[in-house]
Amino acid sequence: MQENSILIDFKFSKEKLDTFIQGIMDEHLDQTINTEGFEIHLKKSSGTNVRINARIKSVFADVPLAFVFVKKAGLFSIEGEGSILANMEIQCDIDQNFGLTTKTILHGYQWKDAPKIHLGDMSLPIETISNCIIEYMKQSMLEKLDKRLAETSDIKNIINQQIKQFAHNYPIYKKPDLFFNGSLLQIQSGLFREDECDIHLDLWMEFNCKISDQPLQFDVNSDPTFYWADKREIKSSQKIDVELSYNGIAKMIMQELNGREIGGKKFELESVNIRNTSGIEIKAAMIEPIKGILTITGQPYLDKASQKIHFDNADIDMDASNLIYKISSPIIEKIMMNQLNNILPFDPSPYLKQYVGNIPEIQLFSNKISLVPSFSKLYIDQLSFSGQNMVCCVVLDDAEVDVVM
């Protein structure tokens, strides 16, 4: 995957994960547990957040849980309160088909606030109360936590929805019209790591990308696979095929030249046609400054070292429509040759960066998560001319997607 992969630094906010876990736990508070004549009423612990840590494939959470207890026995009623930190581990795994499974394990607890008696005389060991709460959590809370995580993480469906929306003939540019298409092949993942505020998961996406000036006719059938990576990748780069039809390039030439003044002459083109024979031939039906057919021929090629396109054996011919115009033909030929020499060798990188820069951000979960693509360097790896298209392969070094939550 090193030759064609995008690195995603996926960050889970500990604060938001705390809120998520605490929210699920809160749904099961205001419950009463009965043991040996005691009623134990669970409630939210005030002033303490869930403590979150992560390593390998597990998230560890110390969940605060407060309680009050009462034993009604006439004049000898007993009342008190306390709180514990329940030590939980959420073991996570993703299979090859992106099926997420979690198993939440309760390892034990520490007293946050040992039971305090406000009324009566405590005759029941405090461990009986804590053990009763722990057993209730095992039977009633943990299974529901795993179920909730499964319900909110249909990973493959999320991926396919985003690909249909953002990687299937997605318009990324106007004048010329350009479309982005992509196909996700696989994702590899590292293991959990953390800093003070976030849990990190490095993901490497193998993605086929294409930018074209014509919509592609195909059915979206995305079936990516998932693997856990044995070791961390050193570098990531993404290849993008850019395919421009000769009709599309002809429209770009007309948009560039029509109404423009070159060498003191205003140019107006009626049509442009391009074909590839022994070289590239561009024929422009000109209206202004004279009426006729302007033909430009040459052999384009990419100098990979300079990243510029050269146009060898360039020749320009002006075939005017009448004798008066023929007299001016050499002037037009000279103007156009000077203009061609001024722009050659041609540097396409500013245009390609502009096109690639419009590859969309992806929004997930009602815009709560944004995936923002970035890269450090862009260069052309290959350039070729077929019978109908110009095709180049663009490489993005250090291709990454930042996850903004």
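When a residue number appears, it is its place in the shown sequence, counting from 1.
Listed here is the closest heavy atom pair of Leu216 and Lys210: CD1-CD, 4.0 Å. Between Glu268 and Gly259, the shortest heavy-atom distance links the atoms OE1-N, 3.6 Å. Here the closest non-hydrogen pair linking Glu81 and Phe69 is N-CE2, 3.5 Å. Heavy-atom minimum distance, Asn276 versus Gly279: OD1-O, 3.2 Å. Nearest heavy atom pair, residue Ala229 against residue Trp204, reads CB-CZ3, 4.1 Å. When all heavy atoms of Gly263 and Ile335 are compared, the pair lying nearest together is O-CD1, 3.9 Å.
Panel note: side chain Trp228, backbone Asp93; no donor-acceptor pair is recorded below 3.5 Å. Side chain of Lys14 to main chain of Asp195: a donor-acceptor pair is present (N/O by atom type, distance under 3.5 Å, no hydrogens or angles). A side-chain donor-acceptor contact under 3.5 Å links Asn258 to the backbone of Leu269. Judged purely by atom type and a 3.5 angstrom limit, Glu89 has no side-chain atom pairing as donor or acceptor with the backbone of Thr104. In terms of modelled atom types and a separation under 3.5 Å, the side chain of Ser58 and the main chain of Ala54 share no donor-acceptor contact. Between the side chain of Asn181 and the backbone N or O of Asn169, at least one donor-acceptor pair lies under 3.5 Å. Judged by distance alone, with hydrogens and angles left aside, the side-chain atoms of Lys304 form a donor-acceptor pair with the main-chain N or O of Asp381 at under 3.5 Å. The main-chain N or O of Ser245 is found under 3.5 Å from a side-chain atom of Asp213 such that the two form a donor-acceptor pair. Remark: the backbone N or O of Cys132 is not paired with any side-chain donor or acceptor of Glu135 at under 3.5 angstrom.
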Item to check | Leu65/Leu85 under side chain to side chain contact (heavy atoms under 4.5 Å, CB included): CA gap, chis, key distance, verdict | outcome: CA-CA 6 Å; Leu65 193 65; Leu85 281 176; over 6 Å; no
Checklist entry - Between Asp398 and Ser376, is a side-chain hydrogen bond (donor to acceptor under 3.5 Å, both in side chains) present by the stated rule, with each step listed? => result CA-CA 6 Å; Asp398 299 317; Ser376 64; 2.7 Å; yes
Next on the checklist: Checking Arg51 against Asp18 for the salt bridge (Lys or Arg N to Asp or Glu O under 4.0 Å) test, could you report, in this order, the C-alpha distance in whole Å, the side-chain angles of both residues, the deciding distance, and whether it holds?
Outcome noted: CA-CA 7 Å; Arg51 291 206 302 258; Asp18 165 9; over 6 Å; no
Checklist entry - Can Asn87 and Gln110 be said to form a side-chain hydrogen bond (donor to acceptor under 3.5 Å, both in side chains), step by step? => result CA-CA 8 Å; Asn87 309 133; Gln110 291 91 41; 2.6 Å; yes
Checklist entry - Step by step, would you call Met337 with Glu333 a side chain to side chain contact (heavy atoms under 4.5 Å, CB included)? => result CA-CA 6 Å; Met337 183 59 77; Glu333 291 173 0; over 6 Å; no
Item to check | CA sep, side-chain torsions, deciding dist, call: Leu184, Glu206, side chain to side chain contact (heavy atoms under 4.5 Å, CB included) | outcome: CA-CA 6 Å; Leu184 180 61; Glu206 186 176 353; 5.8 Å; no
Can you give me every donor-acceptor pair (side chain of residues 384-396, partner residue at least two apart or in another chain, under 3.5 Å) with its distance?
{"from": "Ser386", "atom 1": "OG", "to": "Gln388", "atom 2": "N", "distance (Å)": "3.4"}
{"from": "Ser386", "atom 1": "OG", "to": "Asn389", "atom 2": "N", "distance (Å)": "3.0"}
{"from": "Ser386", "atom 1": "OG", "to": "Asn389", "atom 2": "O", "distance (Å)": "3.1"}

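Take Ser278 and apply the side-chain hydrogen bond (donor to acceptor under 3.5 Å, both in side chains) test, not counting sequence neighbours, and it matches no residue. Remark: Lys103 pairs with no residue by the salt bridge (charged side-chain N to carboxylate O under 4.0 Å, His left out) rule, at least two apart or across chains. In this structure Ala86 satisfies the side-chain contact (heavy atoms from CB on, under 4.5 Å) test together with Leu106, Met137, sequence neighbours excluded. Checked against side-chain contact (heavy atoms from CB on, under 4.5 Å), Asn97 has the following partners two or more places apart in sequence or in another chain: Asp95, Lys156.
Within a 6.0 Å radius of NZ in Lys265, other residues, nucleotides and ligands contribute 12 heavy atoms or fewer. Residue Glu15 qualifies as open at atom CD: its count of foreign heavy atoms under 6.0 Å is 12 or below. Dense packing is recorded around CD of Gln91, with more than 12 heavy atoms of other residues, nucleotides or ligands lying under 6.0 Å away.
A side-chain donor-acceptor contact under 3.5 Å links Ser83 and Asp113.
The shortest distance between side-chain heavy atoms of Ile280 and Thr297 does not fall below 4.5 Å.
Between Phe180 and Tyr170, the gap from one ring centroid to the other reaches at least 6.0 Å.
Judged by the 6.0 Å distance and 45° axis criteria, Arg55 is positioned over the aromatic ring of Phe60.
Pairs engaging residues 269-301 under the ring-ring contact (aromatic ring centres under 6.0 Å, His included) rule: Tyr301-His310 [sequence neighbours left out].
Between Arg275 and Glu281 there is a salt bridge, since at least one side-chain N of the basic residue sits less than 4.0 Å from a carboxylate O of the acidic one.
Separation of atoms CG (Asp303) and CG (Leu383) is listed at 11.5 Å; rounding is to 0.5 Å.
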